[in-house]
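Presented below is the structure to which this report refers.
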Amino acid sequence: MRMLFALALFALPAAADRESDLTAANCMREYYAQLSGGGSFDHLRDRLIPVMKTMSPKVHASVVRQLNKGFDKKYDKDNAYLSAIAQTLAAGGKGGIATLYRRFKAEGKRDDVRQLIAEALGGCGDEDALDTLEKMMYDAAPGVAAAAITGMGSYGKVDEKARKETCKALVKQFGKVTDKAAGKDPEGAEMKYYLALKGPFNATLKAFTGQELDSAAAWDAWLRENITQPWAG
């Protein structure tokens, strides 16, 4: 059945790019062998990423669906393998990004998997990932939230309207995290969460604004003063 899927890709119409479809078919054939056996996904990632947006729509949908299956626990793939899959899906435009977000929500207590998904979206260079990362920054696991916030900083050059809206969300969440940690045990969960996110918040807000501030209160004051003013590109 697995081999039939890979071979079937050859028969699909070349709506976008026949060469890309052939690359996908060859990669998926090897991918199926890896799922039941072993091997690194890295070289498949490096072959698939350049063609993820030029495959025909049916092939793209099939590849995204099959790659998503690699996260299933029954295949027992390590984080390096899953990270390479996530990077490939993140390069797949809106369809790949949406699939990763569904996987993110389905992963429950697997903080390490949710974190590598956030990292993949932060590194893919596709501005469509920004809204998804913003949803991820509310995660209760500090490593996951920090990865999402850091990833958002990769898109600090989006248009001014998007930057302003993103900064409002960042500053609001930074304030909530700060308030929850205020007066709490230095070794407690609230303070550890705050300390894990403080640096990413400041760095990402700097990426969006060009300013260098160091607290939620300072960012809130700056934003109130400048939200209606033009921002440098």
Trace of the side-chain hydrogen bond (donor to acceptor under 3.5 Å, both in side chains) decision for T23 with E19
CA-CA 6 Å; T23 297; E19 185 176 350; 5.4 Å; no
Could you tell me if T166 and R163 have a donor-acceptor pair between their side chains, going purely by distance under 3.5 Å?
no
When you compare the side chain of R18 with that of L22, does any pair of heavy atoms fall below 4.5 Å?
yes
Check this for me: K164, atom NZ, are more than 12 non-hydrogen atoms of other residues, nucleotides or ligands nearer than 6.0 Å?
yes
Applying a strict under-4.5 Å side-chain criterion to I, L, V, M, F, W and Y, I'd like to know whether M55 and Y32 cluster together.
yes
Could you check whether any side-chain heavy atom of D139 comes within less than 4.5 Å of a side-chain heavy atom of F104, counting everything from C-beta outward?
yes
Any non-hydrogen side-chain atom of F174 less than 4.5 Å from a side-chain atom of L205?
yes
M191-V177 co-clustered via ILVMFWY side chain contacts under 4.5 Å:
yes
Close side-chain approach of R29 to N26, heavy-atom, < 4.5 Å:
yes
Compare every heavy atom of A146 with every heavy atom of A196, then report the nearest pair and how far apart it is.
O-CB, 3.8 Å
Out of curiosity, does L213 fall in the hydrophobic cluster containing Y194 (side-chain heavy atoms, cut-off under 4.5 Å, transitive links)?
yes
Hey, could you give me the CG/NZ distance between D72 and K77, rounded to the nearest 0.5 Å?
12.0 Å
Is W222 reachable from F208 through a run of I, L, V, M, F, W or Y residues, each pair having side-chain heavy atoms under 4.5 Å apart?
yes
About how many Å separate CG of L197 and CD1 of I149, when rounded to the nearest 0.5 Å?
4.0 Å
Using distance alone, with no hydrogens and no angle criterion, decide if N68 and R65 have a side-chain donor and acceptor under 3.5 Å apart.
no
At their closest point, which heavy atom of T178 faces which heavy atom of A216, and how far apart are they?
OG1-CB, 3.6 Å
Heavy atoms of G123 and Y155 approach each other most closely as N-OH, 4.4 Å
Main-chain N/O of G151 paired to E119 side chain as donor or acceptor, under 3.5 Å
no
Output the distance between atom OH (Y81) and atom CG (L35), rounded to the nearest 0.5 Å.
5.0 Å
Just how far is it from atom CG of L48 to atom CE of M52, taken to the nearest 0.5 Å?
6.5 Å
Spacing of SG belonging to C124 relative to CG belonging to L133, to within rounding of 0.5 Å:
7.5 Å
So side-chain hydrogen bond (donor to acceptor under 3.5 Å, both in side chains) across residues 223-232, not counting sequence neighbours, yields D220-R224
With side chains defined as the heavy atoms from C-beta onward, is the minimum distance between E107 and V144 less than 4.5 Å?
no
Do M137 and L170 have side-chain heavy atoms sitting under 4.5 Å apart?
yes
Taking only residues two or more places apart in sequence, or in another chain, which ones meet K135 in a side chain to side chain contact (heavy atoms under 4.5 Å, CB included)?
Y101
Determine, for K161 against E165, whether the closest basic-nitrogen to carboxylate-oxygen distance falls under 4.0 angstrom.
no
Here the gap from H60 atom NE2 to D21 atom CG, rounded to the nearest 0.5 Å, amounts to 11.0 Å
Taking all non-hydrogen atoms of both residues into account, name the closest pair between G70 and L82 and its distance.
O-CD2, 3.4 Å
If you group Ile, Leu, Val, Met, Phe, Trp and Tyr by side-chain heavy-atom gaps below 4.5 Å, do I49 and I117 land in one group?
no
Using a strict 4.0 Å threshold on nitrogen-to-oxygen distance, state whether D111 and R114 make a salt bridge.
yes
With a 4.5 Å heavy-atom cut-off, do Y31 and I85 have their side chains touching?
yes
Residues D126 and K53: closest non-hydrogen pair is OD2-NZ, 3.1 Å
Considering all heavy atoms of both residues, which atom of F41 and which atom of A84 are nearest to each other, and what is their separation?
CD2-CB, 3.7 Å
